[in-house]
Structures are given as structure tokens and as C-alpha cells.
Amino acid sequence: MLYKKLAELYEELDSTSKRLEKTEILSKFFRYLPESDRETLYLLLGNIYPEYSKKKIGISNQLTIKAISKATGINDKEIVKEWKSIGDLGKVGELLTKHKKQSTLASHVLTTQKVLENLRKLPELEGKGTVDKKLSLIVELFTSASPIEAKYLIRTLIGDLRIGIQESTIKEAMASAFFDKDKEAAKELEYAIDKANDLAEVFDIAKKGKLKDLDKISLEVGKPIKVMLAQKVKTIEEGFNALGKPCAIEYKYDGFRLLIHKKGNEVILFTRRLENVTKQFPEVVDYVKKYVEGNSFILDSEAVGFDEKTKIYKPFQSISQRIRRKYDIEKLQKELPVEVNVFDIIYYNSKSLIDEPFEKRNALIKKIVHNQKYKIISAKQIITDSKEKAEDFYKRALKDNQEGIMMKSLKALYKPGRRVGYMLKMKPEERDLDLVIVGAEYGTGKRSGWLSSFILACRDSKTGKFLEIGKMGTGIKEKEEEGMSFHELTEKVKPLIIEEKGKTVKIKPRIVLSITYQEIQKSPNYSSGFALRFPRFTSLRPDRSPNDISTLEEIKKDFSSQKRNYKYG
Ligand code: AMP
């Protein structure tokens, strides 16, 4: 397909902010898109591979500027100046290409295949001369690009498409394109996408119009799936009412979610962001091989840190560095050991278990996981219909340094990617949120040159937009002993700057933080309509994606329950 067609689609999508119109535009496009061009769907979300793939474009603003400069003959400084005044590097590229194209006409016609081919070479390059090779792959695309093609190539490279399309919009558009707005079909499609994590694969089947064939998408060992998510409850009673009695109650471990895939002698570990972290946890690979029975399986678990000497469980933030660290693995493994707590199994010996009830899956875990304390165990659990027993268990979990409890229906199936009410979480009255950094301000005095206050956003799950909810400054300095200072956070955030105006910068929404706060207020100053009072940094959440953060709905709920609490003390 011509890249020009895709660029025109981006423009059309960008021209409206109405979700319904965007869905219509996309749905029309899907009807036109031939199956052989299905991989164009990755580009629609700014990717080059399915969501689960590790391979990302990973090009910095600086390199993009260099490539624009090479392709247009305009020097870097001039481009940066334009960027500062326009605020969108894509538009800068469009403008400069327009000027240039008056003298030299594009030599080739760009296709989406060619764009994918070149972009896919970028993450493969390593070693000497990498930068030059990357540069020439990008310049090759730019020299063939028309102005609007250049605009979207640039935005794709820097990971900021700005067309307001989420995976959910694509799901809806596919349903309406091929199943005539059928609600059931939309649900089936959504489910298939959550299972496959590959829009192109689902598109292929959907285009043929055979809903039944979606069942053929099956789980595969080695291919990550989205995990089932939990809903919140405030009391044990509320949990029993929602799930029925008896139900399973487990510790809610304060660690990070780990999906364990095994086939033959190979073990692969994924986070809930679908990132492969096998290399970071060699000891877990070992535990799985030694202490879990079965030829092939996919386990769902929570890895939790503990103190090597005292054996006391530690909070997530004290072990979070293990997820990202690529060097000194052995040292870190000794210093920050983890225990894997298996709480679900979704595939076993070549058979998917997602349509089996939890009680059956649970029994299988007990059978195949040979508990080894401080290595790998099945999650601490009781099955009860007694409120008193449940409350005792909850208190025990808190005493054991865990976050609270999970309550699970014995009859429920496993729903990948869904926040269904099959699994409920209960924690002490909380005032904490996961938010993403979308902006920052440079400090003054001692902190000048450092970004000192960070603008945080929640997510509107209906539109997928990030909405600002407050500014956070304090809390980070106190965490310095744990390796997080203003200086370090500045270093993390700087490559993600997409716009600068005076002291304020706009940041690509990538970095997720856990924060605590004292109160939520209504506020016209932030796009969410709310402001947090005294937000304080607690930890970085490298295991969470920006799509996983606290939603506006949750914040609204917290806001109203907070009022209720105040009233009733
Ligand atoms: P939250 O992140 O607050 O929405 O709570 C859900 C998370 O709790 C899951 O994604 C898991 O990472 C974690 N978790 C800890 N213990 C368990 C457990 N026993 N069962 C399910 N999830 C658990």
C-alpha cells in the first residue's frame, strides 16, 4: 500500500477529536485495506510489530533532527529553533520538506512495506557505526517522502503520532467494519485481541467475517498475553456479595506480576507490560525448572522481594530495579532475592485453561508447584465462607507486610486483559495512585538545570487521553538513598521531552510513578478537573505501562468515597 494513503488517513483522523467519527473513518479504511497489507495496522498505533514484541523503534529526537537535516540540507540548529517555536517536530519536518521539494522532486514512491522494512532494521543494529547506519535508513525514507509523509514519519520515529487512536478505537472500528456494529461481535473481537495481542492476526480473521474462526486464536507458550485485572472492594462483605460464597482469599503480595511460560526446557518470563524479563531473573528460571511439574505451561504469579537475613517481605519499590537492570545480575540476585507466588495457571501441557473454572486451575497449581519457601510457592490462600476467618486472614496479610488480600470466585474463568469482577482486591483505605509524567518544570536556584517539579496525569479510559491531575515536587529527594533523586529523574525524563516553552516542558507519557496524596479536590486548573493535594513520590513503576495507570473513573470514585469518609469520620 502507498504510504501516502496512510498519511492521508492519519490527517483525516487528526482532523476530528470525536471518537465516533474516528471510528467511522477507521472502519471505512479497514473495509478497503487488503489482507496482504494487514501489517499497516501496527503503524496505525505507531508500532512496527505486534504489541507483545520487544522490538521498538527507539529513535531519539536528536537523531531524528539529524536525519531531517541530512535529508533537507538545513542545519540542526535551524531545525531546533523551528521546533521550539512550532512545538511539533513532525510539523517542522513537513514545512521543511515543502520548501525543499520545490527544487528536487521525490525520487521514489514510498510504500508502507518499505517504511516497515526500514524501521524494522533500526532495533536490529548494534555495534560500530550503528548511528550512521540508522541515519541512512531514516534519510532514505525522508528523501522519498512528501511533506505530509515526512510529518508522520517523524512522529512515528519519535513515538508521538498525535492522532488520538487507541487499541480500543481500532477494536470498535473493526467490529463495525466487518460485523455491522454487532455488540456481541465487538466483544468477541476485543477478547480475541487481548488473547492474541496482535491486531494484524485478528484483522485477517475478522476481514473474512467469520466470528467463529476467532476461537482459533489460541494461547501460545512464549507469546505473552494480557493478564486478568482486579476490581476494588472496601469490605469482605462486599467481596462475598459480588463473588458468592465460599470464595478463595489470597495474600495480595506487594511485588510485581510475573507471567511464567515454559515449553520443554525453555522458560520465558514476562511482566504485565508484556516485556520479556527472563535475563533479569535467572534464579526464577531455575526454580521453575526444578520445582514445577509439566512439559508446557503458562503460570500467573507475583514476585515479591524479601530480606535475605530476616526473611521479612519487602515492599515493591525496594526490588523494582531488578526489572530493568541488565548488568550485575548475579550480584543483584543475591542482594535483592525474590519469591515467586503462583496464583493462576492458564495453559498446561498443550491445553488452554482460560475457559476452566478457577477451582480447577487452582487445584492444578497445588498439584504441580512443589512449594519451596523463598523460591517458588503457590500463593497463600484460604477457601472460606466465613467473614471472621477472612478478616483474620486480611490482618495476617497486612502483618506480613503485604498490601491486603485478593478475593476470587471459584467458578470464574480467566479473562485476559479484563478488569472483570472475578478477582477483587481489598487494601486498607488507600490514598495512592499510579500516574504518568506528562510535563515538568525546570527548577531555580540550587535546582536550576534540573527538572524539579513533574506534571502528572491519569488516563481517561473512554478516550485513552492522559489528563493532568497535579504537580509533584516533594518526596523524590527523600528517596535518594534508594537511588532516585531529582537529578536522576531529570535524566530519565529528558530524552522524552517533546516540547519546551520557557521553564515548562511537555513529556512523552512513558514514565509511570506510584504516588500517595492527602486529598483530591475539584480543580479547573487541570484537564482532569481534579487536583491532588500533597502528592508524594513513592516509587517508579517500570512494570506498568501508561495504559495501565489510574483512570479518571477511579479518581472520581476516590473523590466521592473520600467525601463519604470525611462525613462519617
Ligand atoms: P492492583 O495493581 O492494585 O490493581 O492489584 C492487582 C495486582 O495485584 C495484580 O496485577 C498482581 O500484580 C497483584 N497481586 C498480588 N497478589 C496477587 C494474588 N494473590 N492474585 C492476583 N494478583 C495478585
Side-chain angles (χ1 to χ4, degrees), residues 16-20 162 164 166 168-169 229-235 238 403-404 419 421 424-443 451-476 478 489 493 498-499 501-541 544-569:
T16 171
S17 57
K18 293 202 182 91
R19 191 183 160 97
L20 216 66
R162 301 187 180 199
Q166 307 295 319
S168 56
T169 334
L229 301 168
Q231 283 176 352
K232 241 193 237 174
V233 284
K234 289 221 156 59
T235 61
E238 198 185 328
E403 281 191 293
R419 198 173 288 283
L424 307 173
K425 56 185 175 189
M426 185 174 130
K427 306 193 245 183
E429 186 47 59
E430 33 156 34
R431 294 261 188 269
D432 64 294
L433 296 170
D434 289 339
L435 301 170
V436 69
I437 297 179
V438 291
E441 282 170 12
Y442 280 105
L451 295 169
S452 67
S453 108
F454 298 90
I455 300 163
L456 304 172
C458 62
R459 185 169 179 271
D460 182 342
S461 59
K462 291 204 187 86
T463 61
K465 283 203 176 119
F466 295 108
L467 304 174
E468 293 176 0
I469 186 164
K471 247 187 247 171
M472 178 200 66
T474 53
I476 297 168
E478 287 87 314
L489 200 55
V493 164
I498 39 184
E499 226 177 278
K501 271 204 188 111
K503 281 210 169 310
T504 313
V505 297
K506 220 166 124 180
I507 311 280
K508 217 186 274 178
R510 290 286 184 280
I511 299 181
V512 178
L513 307 174
S514 281
I515 60 108
T516 59
Y517 64 92
Q518 283 187 4
E519 198 188 343
I520 303 179
Q521 296 177 323
K522 288 218 162 178
S523 163
N525 297 333
Y526 294 110
S527 49
S528 65
F530 294 98
L532 299 175
R533 266 168 71 80
F534 307 121
R536 289 170 70 86
F537 172 81
T538 51
S539 65
L540 276 182
R541 298 295 319 209
R544 304 239 156 142
S545 108
N547 292 331
D548 246 9
I549 61 172
S550 307
T551 60
L552 184 62
E553 290 70 29
E554 281 166 5
I555 282 154
K556 281 183 183 157
K557 243 178 151 179
D558 283 355
F559 175 72
S560 48
S561 70
Q562 151 190 299
K563 268 196 175 156
R564 216 172 44 230
N565 287 334
Y566 284 159
K567 215 186 262 165
Y568 299 115

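- For Phe530, the ring-ring contact (aromatic ring centres under 6.0 Å, His included) test picks out Phe559, with sequence neighbours left out.
- A salt bridge does not link Lys425 with Glu403: every distance from a Lys NZ or Arg NE/NH1/NH2 to an Asp or Glu carboxylate oxygen is 4.0 Å or more.
- For Lys508, there are no salt bridge (charged side-chain N to carboxylate O under 4.0 Å, His left out) partners two or more places apart in sequence or in a different chain.
- A donor-acceptor pair under 3.5 Å links the side-chain atoms of Thr538 to the main chain of Ser514, judged by distance alone.
- Annotation: salt bridge (charged side-chain N to carboxylate O under 4.0 Å, His left out) contacts of Lys501 (sequence neighbours excluded): Glu499.
- The residue from Pro509, Ser527, Cys458 that alone fulfils the side-chain contact (heavy atoms from CB on, under 4.5 Å) condition with Phe466 is Pro509.
- Ion pairing between a basic and an acidic side chain is recognised when a charged N comes within 4.0 Å of a carboxylate O; Asp432 and Arg536 show no such pairing.
- Contact check for Ser168 versus Arg19: side-chain heavy atoms found under the 4.5 Å cut-off.
- With rounding to the nearest 0.5 Å, the separation of CD1 in Ile469 from CG in Leu433 is 6.5 Å.
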- request: Please assess Leu451 against Val505 for the test side chain to side chain contact (heavy atoms under 4.5 Å, CB included), listing each intermediate value before the final yes or no.
  value: CA-CA 9 Å; Leu451 295 169; Val505 297; 4.1 Å; yes
- request: Check the pair Ile515, Leu532 against side chain to side chain contact (heavy atoms under 4.5 Å, CB included), reporting the backbone distance first and the verdict last.
  value: CA-CA 10 Å; Ile515 60 108; Leu532 299 175; 3.6 Å; yes
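- Contact check for Tyr517 versus Met472: no side-chain heavy atoms found under the 4.5 Å cut-off.
- What you find for Asn547 and Arg459 is that their closest heavy atoms are OD1-NE, 3.4 Å.
- Taking the side chain to side chain donor-acceptor pair (under 3.5 Å) definition, one finds that Gln231 meets it with nothing, sequence neighbours left out.
- Shown here are the salt bridge (charged side-chain N to carboxylate O under 4.0 Å, His left out) partners of Glu468, two or more places apart in sequence or in another chain: there are none.
- A distance of 7.5 Å separates CD1 of Ile507 from CZ of Phe454, quoted to the nearest 0.5 Å.
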- request: Start with the C-alpha distance between Ile437 and Ile455, add both sets of side-chain angles, then the distance that settles side chain to side chain contact (heavy atoms under 4.5 Å, CB included), and finish with yes or no.
  value: CA-CA 6 Å; Ile437 297 179; Ile455 300 163; over 6 Å; no
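- The distance from the NZ atom of Lys232 to the NZ atom of Lys427 is 7.0 Å, given to the nearest 0.5 Å.
- Here the NZ atom belonging to Lys522 is positioned 10.5 Å from the OG atom belonging to Ser528, to the nearest 0.5 angstrom.
- In this structure, CG on Asp558 lies 5.0 Å from CD1 on Ile520, to the nearest 0.5 angstrom.
- Within the structure, the salt bridge (Lys or Arg N to Asp or Glu O under 4.0 Å) test picks out the following pairs touching residues 544-556 (sequence neighbours left out): Arg272-Asp548, Asp434-Arg544, Lys462-Glu553.
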- prompt: Passes side chain to side chain contact (heavy atoms under 4.5 Å, CB included), Val438 versus Leu456? Steps please.
  reply: CA-CA 6 Å; Val438 291; Leu456 304 172; over 6 Å; no
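- Ile511 contributes atom CD1, which lies 13.5 Å from atom CG of Leu435 (distance to the nearest 0.5 angstrom).
- Considering every non-hydrogen atom in both Pro546 and Ile549, the closest pair reads O-CG1, 3.2 Å.
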